[in-house]
Amino acid sequence: MDWRRFSFIGLIIIILFGVVVMIGGAHTPPLVIIASMLATTLTVVTPLALGSLSGIFCERSGVVNIGIEGMMLTAAFFGWLTAIYMNTILEFAPMLSLILGVVAAIFSGGLMGLLHAWLSITFKVDQIIGGTVINILAVGITGFLNRQLFFEKGSIFGGNVPHAPGLLPVIHIPVGDALAAVCGGSQGCLDVAVALGKIFDQKPIAIAAVLLVIISHYVLTYTRWGLRTRAVGEHPKAADTVGINVNQTRYINVVIGGMMAGLAGAYFTLESVPSFEPLMTNGRGFISLAAMIFGNWTPFGAWAAALVFGAAQALQINLQFFRDFIPPQWAFLQQSYIVGLAPYLLTMLILTGIIGKTTPPAADGVPYEK
Amino acid sequence: MTENSVVLEAKGITKQFPGVLANDDVNFTLRHGEVHALLGENGAGKSTLMNILYGLYRADAGEITVNGVPLLLSSSKEAIRSGIGMVHQHFMLVPVFTVTENIMLGAETDHRAHPNEFPLAKLDRKEVSARVRELSRQYGLDIDPDTLVGDLPVGVQQRVEIVKALYRKANILILDEPTAVLTPQEADDLFQIMRELTKRGVSIIFITHKLREVLAIADRITVMRAGKVVGTANPHEATEQQLAAMMVGREVILTVDKTDANFRKPFSPLTICASVICVTWSLCAASLLTCALGKFWGSPECRATVKRNWLRR
């Protein structure tokens, strides 16, 4: 990540935030709007950040992973399935069912990662095709099971969906309280403090995503495992000659990547909305792939790029609050589907490579032959 | 360790690849502190033998002993552990890593008194780069541990490879065609480094097919041909002629006897006349053929042309 990339990201985020501030500014203090945008951005960036981490772990070890989308979708389904099934048994403890759901999501993501590793490392299948297989398989398996389990007569749940155990709760980090205490009596200051506090009131997977970005950066840069992973992705033969088991390293990294995507999947059904719909990941896996590429295969870079997409989504969400204030010449912004295009348009814009070229790991996508 | 004691011995090494017998009952010994040149044509089986010694390939038959201890090689890890280091013809360095990172790769914590095998152990770049500096000073290698390997010239990359082996406490060093990628000046520097290494008790296997270099640096020469050891030679007595004959299996003429080329003027009148005639006639023939074979045939223009130019002459 060079400064040009970061400043480009900053510029786009400022523009996206600026649109909302300009529209809602007459009604709400700008600082409150910005804080609210930031809070939403951090929430919606979760699956993108985790998805791009998934890609980073796979591709840094030399396995192209375009199956992030499928891994997320599978994990979203199986996490949700586990959570509601456990909830029918453990009705008294919805939190426990939710946690088991998250564990199941991570596990099923890991299994999909294992499948991808098996195809692309053991059988040396073309990795793009392997990833596509995962995506198609995920759509098929989740759609099929969703129908069979819930919406068919005589299915396990008898045609009606049982109670969901709810959603993972917000973890309150008392930054807002501390700021409010400093404020004294002023109401305006208090509003801002509360709004800023909301940035830190995030749900567990969102917090885990931020922590995992930092942890992944540390692991890849400063630890033995990271050094070996990068070596395997750059020059596997060199790694082999110093006694590193190339395929084993790749296997483990792809499974870790799958688990990251699994956690991203859990976000959809256990943290965002308490239901599963077919195709609910809605291209997030591919957007996170774009974020990974724009971030030059580094955790912080990918996270920063994911923030752009997050901000675009936050724009869509926050504009709804200010629908009535949209000036007539910007009437097209009232159509939420037009604003909803923003993340996808940004993906294309960013992938055109206007901000310099990125360099993937040298052995990315090349199966290792002794 | 006494002088002339055998540090490495390979007995009856045989390796079969699909369709080719790369090594056929090869015997090879390396003595302490010597430069043992392994000479042979391309495809003679030198590199295969070295890859077996380094644990990258597994021999079909034969055994290897290092300092009298039999060695079971299943990966290069064991070879490294028993003190064998190898500098490959194509360097095994990651270009986007620093020198330090390249050297510590695979041996990140082994240098410590209490190796910490935990995979998430923090890398100690400082300690390793200090060790690299020390090693490069000791052997006169002149390496900056903090530069990216991709930015270094080939000769320096080779020295990084040597330090990489020394860092792993190698006392047997395999150099696979080290001079192939070097300029003559860099090759001389390498020979200097090799002498320094042998002086400090490192034994070197020097793989090459360049006769002059062998005679310049080697203490002993083994020649391979078509997967077999065909003989050994003493560099003080052998000549390039003899070595080449051993390599190829017949007498080789290293200098060509020839008389001066018979110089002719390129544009003698005869040549000019001949070429003008040739060109004219071929053009005529071409036009006739085009006329005759093309769909143009039968048209009055064509027949007229043909008659005018060819038939009424």
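All chains are named by letter (A, B, ...) in the order of the sequence lines, taking the proteins before the strands, and each is independently numbered beginning at 1. Just so it is clear, the values below take in all heavy atoms, side chains as well, and ignore hydrogens, waters and symmetry mates. Small disclaimer: the values here were computed from a predicted structure and weren't measured.
For A:Ile244, the part lying under 4.5 angstrom from a heavy atom of chain B is the side chain only. When heavy atoms are compared at a cutoff of 4.5 Å, B:Phe91 approaches chain A solely by way of its backbone atoms N, CA, C and O. The part of B:His88 that comes within reach of chain A is its side chain, from C-beta onward, which places non-hydrogen atoms under 4.5 angstrom from that chain. Interface residue B:Ile80: only side-chain heavy atoms are found under 4.5 Å from chain A.
A donor-acceptor pair is defined here as one N or O able to donate and one able to accept, closer than 3.5 Å; no such pair exists between the side chain of B:Lys46 and the backbone of B:Ile207.
Note on B:Arg81 versus B:Glu78: no salt bridge recorded, every NZ/NE/NH1/NH2 to OD/OE distance being 4.0 Å or above.
A donor and an acceptor atom, one from each side chain of A:Tyr251 and A:Thr122, are located under 3.5 Å apart.
Annotation: cation-pi geometry satisfied between A:Arg5 and A:Phe294 (NZ/CZ under 6.0 angstrom from ring centroid, within 45° of ring axis).
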